[in-house]
Protein chains: 2
Amino acid sequence: MAATIKDIAKLAGVSTATVSRVLANKSAFFSEATATKVHAAATELGYQKNTAAAELVTRHSNVIAVVVNSTKTNFASQIIEGIQAEAHQHDLNVIILYAGDADPVQQRRALMTVIERPVMGILLLSVDLAPENLTLLQGSQVPYCFLSISFDGERLPYITSDDWQVGYQATQALIKQGHRRIGLAGVDSDFHTGRQRVLGYTQALKDAGITPEDEWVQLGNYSYDAGQTAMRAYGAQTELTAIVGASDMAAIGVMNQARDLGLLVPADLSIVAIDGTELCSLVQPQLTSVSQNFYEMGIAGVQQLRSTETLPQKITPIKLVNRQSVRMLKAE
Amino acid sequence: MAATIKDIAKLAGVSTATVSRVLANKSAFFSEATATKVHAAATELGYQKNTAAAELVTRHSNVIAVVVNSTKTNFASQIIEGIQAEAHQHDLNVIILYAGDADPVQQRRALMTVIERPVMGILLLSVDLAPENLTLLQGSQVPYCFLSISFDGERLPYITSDDWQVGYQATQALIKQGHRRIGLAGVDSDFHTGRQRVLGYTQALKDAGITPEDEWVQLGNYSYDAGQTAMRAYGAQTELTAIVGASDMAAIGVMNQARDLGLLVPADLSIVAIDGTELCSLVQPQLTSVSQNFYEMGIAGVQQLRSTETLPQKITPIKLVNRQSVRMLKAE
DNA sequence: GCACTTTGCACAAACGTTTACAATGGCTTT
DNA sequence: AAAGCCATTGTAAACGTTTGTGCAAAGTGC
């Protein structure tokens, strides 16, 4: 049905080899005259290249696959924008796959559709790969790199913020405003990222001479619901004067639940969010945040894929962005 | 490097044809004994199928490509979830491509990477294709369907909400609460979708015996900024008592700007948003919305791709969801 | 006018699969 | 024992490209 270079060759009266070279613009290999003939034939037939066939013989592809976990996280789009920008610079194309939220079956499906085709590399956006799927990935010979997630024991390539610092700085920002009883809401302790944030948080308190109570840390999965649940656990009579939300969503969950409990933000309760996506300036009051540089993470990700370095574990910078959800506390 | 069926064939002492048959599980064509041999060899070699090669000969693929415009719209994820759910039912895989926000070059890039490879169909999420890119798409022989966007003259397959109804019902919801001076903010009049919403809005007013002023409709691109700008245009002294936001984002923009102008929502100003994504319940007050059924749009999209019907223009239902941003107005 | 170098092109193999067709051998049927 | 059938397997062509090799014609220098 669709035209192939064979059809073009016939129509232009040359060989397929010549057609291929003209179309690939390997300029040393053909004359102007044949080139015009070939181009004319190509447009006449409405030729569409079959890249899959080409990739089969060249054994090399120019598409980067991005695997995203589909939790209701919202920073993905920022990372993807970074990825796209850098990829396009180098004439690479980007495809995105959703792997379910920690669902090994869906993860496998996404991984498979990508591994079975020629892709130049795989970027995994904060996906906690099930062990069997990690094996699959590693066995596939395709370069890969994790983004916005880190690992403990395993030696895996990843690019992320310093999560310990994230926890530390968020907490410290509150301490500097005079807060001393500070919660941490919606953080996950099953994975390295979450554990690091808790450690940073704890250390910041200790450095200020504060001993955190166990109930100050409410675990969760970074979601809006996790934030709400955490705030409900703290309760309207909480001794806390400030809370670090484990993500923007969690922070919003905390804030909305606090309001439902009759607490005003920041008058009664200060909040610092972690992530710093546009969500923070959408809500009211706007959330002060420890912001990650997701865009740069994306850029670094494709650079890593393009380089041959074996084990990069790059750290991208963070910064505190003051908005409206923290108030200065008078000395008690 | 990577093992092929040829290697397996050698190791198992059979032909590649047999290997292919065993691996594809064409059960009528081989014995148990050879099957086990083949499988053993395959796992020993860590075989990874090269789907691209297979698709080359079978001339048929099982991946659906979804092209998304990267405006800061947030309903995309809901549609994609619908697409994935339905696709997986039928053993189809989904890949997602970002086409820039109305940038023909990026659109072309996305389209190309998809057309040049074997895909089973293309779904376009609210992307306003530049004319030349539309031609490209149509010339590609690949089935396609637009989602969450509609067209005027051209006979194109699309699935969307009834945008006239969307405009009508949003406006009517406010009229029913006693409002008579109602704005429409952030809507785009360059495309069919936006024009229909304006028409629905206008008709609803007329049906209530209200003659809308020109300034009541503030055009824009559905973004947060568009909402803010619109509200700024209305001003603090606006005669309007209610505003329809052209999207969730636009509505939030309106709301936040209104607050900055000293207007309380819904006490001084009522708002109805269009879309009804989770954003509506994240902000404070929660936004009453005319909600679209994005999930179902996704499902319908892949059904359309699977069917052979040529020109489907399906309408998905909408519904009014009451939250907290509209107040009943006393008769004046 | 000869040997030599370019230039421009065609031939054919290769990439990793699937599948139509043919071939083999054992079993059943008569 | 011949004939036919079935189950299992192999042979080889095909998919649409790219690219190494080789060959003819044209151009160059003597």
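All values below were derived from every heavy atom in this structure, side-chain atoms included, with hydrogens, water molecules and symmetry-related copies excluded. Residue numbers begin at 1 in each chain, while the letters A, B, ... track the order of the sequences.
- As a whole-Å value, the separation of B/D7 CG from C/dC15 C1' is 13 Å.
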Go through the steps for B/Q292 and B/S161 under the test side-chain hydrogen bond (donor to acceptor under 3.5 Å, both in side chains), then give the verdict. CA-CA 7 Å; B/Q292 305 193 52; B/S161 303; 2.6 Å; yes
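- Nearest nucleotide to the side chain of B/K6, out of D/dG10, C/dC15, D/dG16: C/dC15.
- Residue A/N25 contributes atom CG, which lies 15 Å from atom C1' of D/dT18 at whole-angstrom precision.
- Here C/dT17 presents its P atom at 15 Å from CD of A/E55, a figure rounded to the nearest Å.
- Between A/R306 and A/E86 no salt bridge is recorded (no basic side-chain N to carboxylate O distance below 4.0 Å).
- By the 4.5 Å heavy-atom criterion applied to side chains, A/L124 and A/Y158 are not counted as neighbours.
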Pair A/D275-A/T277, side-chain hydrogen bond (donor to acceptor under 3.5 Å, both in side chains): steps then yes or no: CA-CA 6 Å; A/D275 278 351; A/T277 67; over 6 Å; no
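- The side chain of A/S20 lies closest to D/dT19 when the candidates are C/dT18, D/dT19, C/dC15.
- Nucleotide C/dA14 holds its P atom 18 Å from the CD1 atom of A/I5, rounded to whole Å.
- In this structure, the nucleotide among C/dA10, C/dT17, D/dT11 sitting nearest to the side chain of B/A17 is D/dT11.
- Nearest-nucleotide assignment on DNA chain D puts the 5′-proximal partner with B/F30, out of B/A53 and B/F30.
- Cation-pi geometry between A/R21 and A/F30 is not met: the NZ or CZ atom fails to fall both under 6.0 Å from the ring centre and inside 45° of the normal.
- In this structure, B/R59 atom CZ and D/dA13 atom C1' are separated by 14 Å, rounded to whole Å.
- Remark: P of C/dT18 and CG of B/N50 are 10 Å apart, rounded to the nearest angstrom.
- Residue contacts for A/T51: at a heavy-atom cut-off of 4.0 Å it reaches no nucleic acid atom on any strand shown.
- Comparing A/F29 and A/T16, the nucleotide of DNA chain C nearest to each residue sits closer to the 5' end for A/F29.
- Using a 4.0 Å heavy-atom distance criterion, B/Q48 is classed as a sugar-phosphate-only contact.
- A donor N or O paired with an acceptor N or O is found under 3.5 Å between the base of D/dG20 and the side-chain atoms of A/R21.
- Contact annotation: B/T58 side-chain N/O to C/dT17 OP1/OP2 distance is not under 4.0 Å.
- Here the P atom of nucleotide D/dT9 and the CD1 atom of B/I8 are 16 Å apart, to the nearest Å.
- Position along DNA chain D of the nearest nucleotide to A/K49 versus B/S31 favours B/S31 as the more 5'-ward residue.
- Listed candidates were C/dC15, C/dT17, C/dA10. Nearest to the side chain of A/T18 is C/dA10.
- Ring pair A/F146/A/F151 is perpendicular by interplanar angle, where above 60° counts as perpendicular and below 30° as parallel.
- Here B/K26 reaches the OP1 or OP2 of C/dT19: one of its side-chain N or O atoms lies under 4.0 Å away.
- Counting to the nearest Å, the C1' atom of C/dT7 and the CD atom of A/E32 are 14 Å from each other.
- Among the protein residues, A/T4 comes within range of the sugar-phosphate backbone only, with heavy atoms under 4.0 Å from sugar or phosphate atoms but none that close to a base.
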